[in-house]
Engineer: 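Have a look at this one.
Nothing fancy with the numbering, it's 1 onward along the sequence.
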Amino acid sequence: CHCRMRLTRRREKFLCSCFTINHHNLQQDIAAGRGEYLASMSVLLGVPEDRQQRFFSLAQAGYAHVSNGQTLDVATLLPFLQNGARAVLR
């Protein structure tokens, strides 16, 4: 449905906007494995509340590996979180 594609694009644009604005705080939460920004992003990514802790743990472990101590840019970090959400939803 064409309407559904527009909603998906709007949601993706909204997600990118939120992510870009909160990028620094979100990275701090990911490194800590908890926090308001990470919880909010998990909701935006569609992670159910009962799976959020698993998402937080996966994000923290993966971030330590992917970042290698460096700050990640938006283009790298957002797909990383999207993939983590998909893994938790399986």
Engineer: Show the nearest heavy-atom pair for residues Phe80 and Tyr63, with the distance to one decimal.
Structural biologist: CZ-N, 3.3 Å
Engineer: How long is the straight-line distance from OG1 of Thr71 back to CD of Gln27, given to the nearest 0.5 Å?
Structural biologist: 5.5 Å
Engineer: Are Val43 and Leu81 co-members of a hydrophobic cluster defined by side-chain heavy atoms under 4.5 Å apart?
Structural biologist: no
Engineer: May I ask you to decide if Leu72's main-chain N or O and His23's side chain share a donor-acceptor pair within less than 3.5 Å?
Structural biologist: yes
Engineer: With a sphere of 6.0 Å drawn around CZ of Arg34, does it hold more than 12 non-hydrogen atoms of other residues, nucleotides or ligands?
Structural biologist: no
Engineer: Any side-chain heavy atom of Phe19 within less than 4.5 Å of one from Leu44?
Structural biologist: no
Engineer: Are Leu15 and Gln82 close enough that some pair of their side-chain heavy atoms sits under 4.5 Å apart?
Structural biologist: yes
Engineer: How close do Pro79 and Thr76 get, counting heavy atoms only, and between which atoms?
Structural biologist: CD-O, 3.4 Å
Engineer: On a heavy-atom basis, which atom in Gln52 and which in Ser42 lie closest, and how many Å separate them?
Structural biologist: NE2-OG, 3.2 Å
Engineer: Just so I know, are the side chains of Leu45 and Leu89 near enough to count as touching, which here means a heavy-atom distance under 4.5 Å?
Structural biologist: no
Engineer: When you compare the side chain of Gln53 with that of Phe56, does any pair of heavy atoms fall below 4.5 Å?
Structural biologist: yes
Engineer: Can you tell me how far the CG atom of Asp73 sits from the CG atom of Leu78, to the nearest 0.5 Å?
Structural biologist: 10.5 Å
Engineer: Report yes or no: does Gln60 contribute a side-chain atom to a donor-acceptor pair with the main-chain N or O of Ile30 at less than 3.5 Å?
Structural biologist: no
Engineer: Between CG of Asn22 and NE2 of His24, what distance do you get to the nearest 0.5 Å?
Structural biologist: 11.0 Å
Engineer: Closest approach of Val88 and Arg51, non-hydrogen atoms and distance?
Structural biologist: O-NH1, 3.1 Å
Engineer: Between Tyr37 and Asn25, do the side chains contain an N or O donor and an N or O acceptor separated by less than 3.5 Å?
Structural biologist: yes
Engineer: Hydrophobic clustering (ILVMFWY, side-chain heavy atoms < 4.5 Å, transitive) - are Val66 and Phe55 grouped together?
Structural biologist: yes
Engineer: Drop me the distance from Leu26's CG to Met41's CE, to the nearest 0.5 angstrom.
Structural biologist: 5.0 Å
Engineer: Leu38 and Asp29: which non-hydrogen atoms are nearest, and at how many Å?
Structural biologist: N-OD2, 3.2 Å
